[in-house]
Amino acid sequence: EKSIYQKGLNYERPPFTFLSSNWESRASDVLSATSKGYLIGNAGTGETARKNTDAFKKWSIVPKRLLQTKGLPALQTTIFGEELQFPIAAAPVGVQRIFHPDGEEAAARAAAENSIPYILSTASSTSIEDVAKANGTGVRWFQLYWPDNEFSDITISMLNRAKKAGYTALVVTLDTYILGWRPSDMDNGYNPFLRSDQIGTAIGLTDQVFRRMFKEEHGVECEEKLSEAAATWARMIFPGQSHSWEDVKILQAHWDGPVILKGIQSVEDARMAAQIGVQGIVVSNHGGRQVDGGVSSLGVLPRIVDAVRACGGNDKIEILFDSGVRCGADIAKALALGADMVLVGRPYIYGLALGGQAGVGHILKSLLGELELTLHLAGISSVDKEHLNRDVLVKEAD
Ligand code: FNR
């Protein structure tokens with residue numbers, strides 16, 4: 001990560017010279033109206049998305065001096081028993097080929113190259129297996145959009161494929177059994193999940209179980225009815241109704257690695273997750289793309305951390321966090337408030353849109369570089385909880 005800022009120190013320019021404050025607008029310039037609307041758009045008026053980013057400004061880091069700090073801070077961490085170089089991962093983001101022709105493969109390559117776990121979305125525009133190939137020896141996790149129990153064959157088939165392709169953890173997204181009220185997509189008449197050339201041909205049509213089910217129902221191969229197959233697939237992964245806590249057991253039974261519940265915002269749900277014995281949660285509101293008017297994700301993080309840690313007996317549950325992370329200092333604040341790991345969402349997709357694999361790499365390096373310098377200059381020698389905790393923050397008055 002030093003490579004980015006050392007270039008600056010040597011008066012050299014990095015491959016992309018944009019700053020964190022304008023990644024979004026630079027990416028907007030190169031995207032089609034529909035892709036831009038999908039990436040930047042939020043639910044409703046965007047109130048919750050704004051709250052997500054504003055929430056970071058309510059906390060400030062208090063730098064400490066004359067600590068005889070030697071060397072740069074330690075960024076490595078252990079999560080789900082896996083030793084990682086950095087406490088961040090690439091959040092699951094669907095249909096990445098609409099942002100760059102190399103899509104998920106470019107992002108998965110960049111993640112591996114920078115030692116960052118890549119979380120593949122069920123709504124991927126590239127198959128589970130091809131992304132695994134691109135990711136190589138990198139750490140990869142699979143995010144599940146969870147079909148209705150009626151289609152549990154499809155769920156199990158995806159889990160088996162993911163396991164076989166080396167995805168080590170299962171991230172189950174709970175907040176998107178139907179897409180939120182998203183004015184930009186509605187204005188553009190846009191639903192990427194119904195595009196047969198994107199989602200349909202990726203995981204859906206490469207899934208043998210789906211192919212068999214489709215043929216039974218329609219009497220023809222899915223290629224012969226591409227758009228219908230894509231619509232069927234979209235219906236399966238967005239069933240329109242939520243599962244139950246009891247149903248989580250089905251997933252636990254069919255997955256032998258860590259199960260992580262994504263989309264937790266309430267203390268009660270976090271406690272429940274700890275009780276049923278999943279290995280992790282992602283405190284997330286999907287970047288404010290689902291429930292507008294909902295609370296900010298960072299706002300609920302400390303309460304959830306306290307509740308889960310107070311549960312006792314299950315202190316092994318890992319707390320991941322996303323929604324609104326835009327710079328290195330944001331990562332530091334989320335970790336200080338008790339997150340074990342931070343997922344980066346939109347920023348790496350801005351990099352993908354602007355420069356494919358190199359663009360994603362640049363964003364990841366920039367975020368890590370800024371995190372490293374921020375901690376170093378604040379006198380924080382490690383991302384571990386002993387050094388990076390609430391004592392380094394003050395809450396600004398409202
Ligand atoms: C997402 N997110 C998401 N989450 C998920 O579990 N599966 C998915 O397929 C997607 N797809 C997706 C597409 C796009 C364009 C965006 C912006 C987001 C949500 C994502 O994982 C993460 O929770 C948010 O991106 C975090 O919010 P910010 O920080 O990006 O605003």
Side-chain angles (χ1 to χ4, degrees), residues 20 23-24 27-28 31 34-43 46-56 88-100 103-104 107 117-126 131 141-146 158 169-180 182 184-185 188 190-193 198-199 202-203 233-234 237-238 260-265 281-292 294 296-298 301 320-327 330-331 333-334 339 341-353 363 367:
S20 63
W23 289 336
E24 180 175 299
S28 299
L31 289 171
T34 49
S35 299
K36 175 183 157 184
Y38 176 59
L39 176 58
I40 292 166
N42 292 301
E47 176 190 316
T48 296
R50 271 191 304 279
K51 281 184 189 162
N52 282 341
T53 46
D54 287 351
F56 285 92
I88 69 169
V93 168
V95 279
Q96 294 185 8
R97 279 179 201 273
I98 67 173
F99 307 118
H100 188 278
E104 288 84 3
Y118 180 77
I119 311 177
L120 176 68
S121 162
T122 298
S124 168
S125 46
T126 311
V131 175
W141 301 343
F142 181 67
Q143 176 265 324
L144 181 70
Y145 275 139
W146 189 1
M158 285 195 285
L170 178 67
V171 178
V172 188
T173 300
L174 303 179
D175 57 20
T176 311
Y177 39 92
I178 199 164
L179 288 171
R182 299 184 187 170
S184 50
D185 291 339
N188 291 328
Y190 188 63
N191 183 341
F193 306 109
Q198 300 292 350
I199 182 65
I203 297 181
W233 179 247
I237 64 171
F238 298 107
I260 306 159
L261 302 181
K262 177 171 184 277
I264 299 293
Q265 291 283 274
I281 55 172
V282 187
V283 175
S284 165
N285 59 23
H286 214 105
R289 296 161 68 81
Q290 288 298 95
V291 179
D292 197 32
S296 71
S297 197
L298 195 77
L301 178 66
L320 290 73
F321 172 85
D322 79 24
S323 297
V325 174
R326 295 293 177 270
C327 59
D330 291 349
I331 298 171
K333 290 177 190 179
M341 172 174 256
V342 171
L343 309 189
V344 175
R346 275 177 266 219
Y348 87 88
I349 302 296
Y350 300 148
L352 178 65
I363 299 283
L367 292 170

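Everything numeric in this text was worked out from a predicted model, so none of it was measured. Note that ligands are numbered from 1 as they come in the structure, with each ligand's atoms numbered from 1 the same way.
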Checklist entry - Just checking, any donor-acceptor pair under 3.5 angstrom between side chains of Asn42 and Asp292? => result no

Item to check | The single option from Tyr177, Phe193, Trp146 passing ring-ring contact (aromatic ring centres under 6.0 Å, His included) against Phe238 | outcome: Phe193

Next on the checklist: List ligand 1 atoms under 4.0 Å from Ser284, heavy atoms only on the residue side.
Outcome noted: 23 (O)

Item to check | Heavy-atom side-chain proximity of Leu179 to Asn191 below 4.5 angstrom | outcome: yes

Checklist entry - Near Val325, which atoms of ligand 1 are under 4.0 Å from a heavy atom of that residue? => result 29 (O)

Checklist entry - Less than 3.5 Å between some nitrogen or oxygen of Val93 and one of ligand 1, yes or no? => result no

Checklist entry - Would you say ligand 1 has an N or O under 3.5 Å from any N or O of Pro92? => result yes

Checklist entry - Among His286, Arg289, Gln290, whose heavy atom sits nearest atom 19 (C) of ligand 1? => result His286

Checklist outcome for this item: of all protein heavy atoms, closest to atom 27 (O) of ligand 1 is Gly287 CA, 3.0 Å

Checklist entry - With atoms numbered from 1 as shown, which atoms in ligand 1 lie under 4.0 angstrom from a non-hydrogen atom of Lys262? => result 4 (N), 5 (C), 6 (O), 19 (C), 20 (C), 21 (O), 22 (C), 23 (O)

Checklist entry - atom 6 (O) of ligand 1: which of Val172, Leu120, Val95, Thr173 has the nearest heavy atom? => result Thr173

Next on the checklist: Looking only at protein heavy atoms, which one is nearest to atom 31 (O) of ligand 1, and what is the separation?
Outcome noted: Arg326 NH2, 2.7 Å

Checklist entry - Between His286 and Tyr145, how do the two ring planes meet: parallel, tilted or perpendicular, split at 30° and 60°? => result parallel

Item to check | side chain to side chain donor-acceptor pair (under 3.5 Å) evaluation trace for Ser284 with Asp322 | outcome: CA-CA 5 Å; Ser284 165; Asp322 79 24; 2.6 Å; yes

Checklist entry - Would a 4.5 Å heavy-atom cut-off, applied to side chains only, mark Ile264 and Leu174 as touching? => result yes

Item to check | For atom 17 (C) of ligand 1, closest protein heavy-atom neighbour | outcome: Arg346 CG, 3.3 Å

Checklist outcome for this item: A student checking ligand 1 against Gly345 at a 4.0 Å heavy-atom cut-off should list atoms 25 (O), 30 (O)

Item to check | Arg289 charged N/C atom sitting above Tyr38 aromatic ring, 6.0 Å / 45° | outcome: yes

Checklist entry - Is it the case that more than 12 heavy atoms not belonging to Lys36 sit under 6.0 Å from its NZ atom? => result no

Checklist entry - What protein heavy atom sits nearest atom 11 (N) of ligand 1, and how far away is it? => result Gly94 N, 3.1 Å

Checklist entry - Does the Thr122 side chain pair with the main chain of Gln143, one donor and one acceptor, at a distance under 3.5 Å? => result yes

Checklist outcome for this item: of all protein heavy atoms, closest to atom 9 (O) of ligand 1 is Ser121 OG, 2.6 Å

Next on the checklist: Using a plain distance cutoff, I'd like to know if Tyr145 has any nitrogen or oxygen under 3.5 Å from a nitrogen or oxygen of ligand 1.
Outcome noted: yes

Item to check | Any N/O pair Ala91/ligand 1 closer than 3.5 Å | outcome: no

Checklist entry - Hey, which atoms in ligand 1 end up nearer than 4.0 Å to a heavy atom of Asp322? => result 22 (C), 23 (O), 26 (C)

Item to check | Pair Ser125, Gln96: side-chain N/O donor-acceptor within cut-off below 3.5 Å | outcome: no

